[in-house]
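Only one structure is covered here, and it is reproduced in the block below.
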Amino acid sequence: MLSLLTTTMMLLLVPQVPPPVEGPVAEPNFTVGPLSVELVAMREIRLEISDQPDRSAAQSNFAMQIRVSGEKLKRMSRYGNLIIDEALTDNDVSLVDEKSFPEEMRTATRANTVPPERLSQTGLLLAAQTKLAPRAATTIAKLRGSVRLILADEARPITIDNPVQFYGKTIDNPQLKELGVEVSIVPVDQLEQSPPTGRTIALHYTAKEENVKQVTFVDGWMKAVPVRQGAATTKSGEQVAVYYLEPNDITDELQMVMEIHPQVEEIVLPVEIDDLKLP
């Protein structure tokens, strides 16, 4: 049986492209001034699927993207998700509920890997999805949310020799203990979607993850080991950082280098926007 799929996609950029001006145009710099938030894009997707079995495979949704600007982005070590606590349309329909942004989304942060020059050109761009607004709605009358930013300066490198020896255990290191950082290596069979064994190191932080600037790996000759980083969830619902290496790189001579900030500053930046015209 053929399935009828109707898709409507609309994209609204905010602000609109300004008219051309004469003379040279200054390059944007979003790492100056106080911290601020602006909406830069909205996307609406409406799907209609005729076959009942296919309905769970795709859902209509609404998404928005914001830009965080400000001089303090130069000190940003980590950042959290864009969290929407309230999104109310002009006909009093809420686009979020208690399940929209679960606790793991609210507490998770990720290391900043955006180069300073790119941050100055784009700012920090974050997106979030909500439920679809009813067709009768024309605006989001009230939008309230937040973004967590972790700011820091000095970082101290700490080398963990043969990290695989702590597989399934908390990493025992006096320097980590001094800084209050607690981290363990999670067995891959405890992850919801088990990655290939023999090439994965999954880190679960139980204290001061926000102080971790980045994690890299080197071999016995202190040569950088190529690694791909991702995120995963354990079967018990905990968030972990996952590092994928080549199988030949995971040996007794592998070393994990953790750059730790002794002191960090956490900012919860409010997102408060009213009267957003819907696509």
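Please read all numbers here as calculations on a predicted model, not as lab measurements.
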Take a 6.0 Å sphere around [atom1] of [X] and say whether it holds more than 12 heavy atoms from other residues, nucleotides or ligands.
X	atom1	result
Glu253	CD	no
Lys72	NZ	no
Gln263	CD	no
Arg106	CZ	yes

Contact between Leu179 and Asn211 at the side-chain level, heavy atoms closer than 4.5 Å - yes or no?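 Of all side-chain heavy-atom pairs linking Asn211 with Leu179, none is under 4.5 Å.
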
Side chain proximity check, Ile267 to Leu151, heavy atoms < 4.5 angstrom: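 They are in contact (side-chain heavy atoms under 4.5 Å apart), so the answer is yes.
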
When you check the gap from the basic side-chain N to the acidic O, do Lys235 and Asp189 get nearer than 4.0 Å?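 Not counted as a salt bridge, because no side-chain N and carboxylate O are separated by less than 4.0 Å.
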
Looking at Asp172 and Lys177, is there a salt bridge between them, counting it only when a charged N and a carboxylate O are closer than 4.0 Å?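 Yes, charged N to carboxylate O under 4.0 Å.
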
Can [X] and [Y] be counted as having a side-chain donor-acceptor contact under 3.5 angstrom?
X	Y	answer
Thr31	Asn29	yes
Arg46	Asn61	no
Gln239	Thr233	yes

Give a yes or no on whether [X] and [Y] share a hydrophobic cluster (residues Ile, Leu, Val, Met, Phe, Trp, Tyr; joining criterion: side-chain heavy atoms under 4.5 Å apart).
X	Y	result
Ile185	Val164	yes
Val114	Leu126	yes
Leu203	Val264	no

Report yes or no: is the cationic atom of Arg67 (NZ for Lys, CZ for Arg) under 6.0 Å from the centre of the six-membered ring of Phe30, at an angle within 45° of the ring normal?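 Verdict for Phe30: a cation-pi partner in Arg67.
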
Check against side-chain contact (heavy atoms from CB on, under 4.5 Å), Glu178 and Arg156: CA-CA 12 Å; Glu178 177 188 350; Arg156 183 189 304 179; 3.8 Å; yes

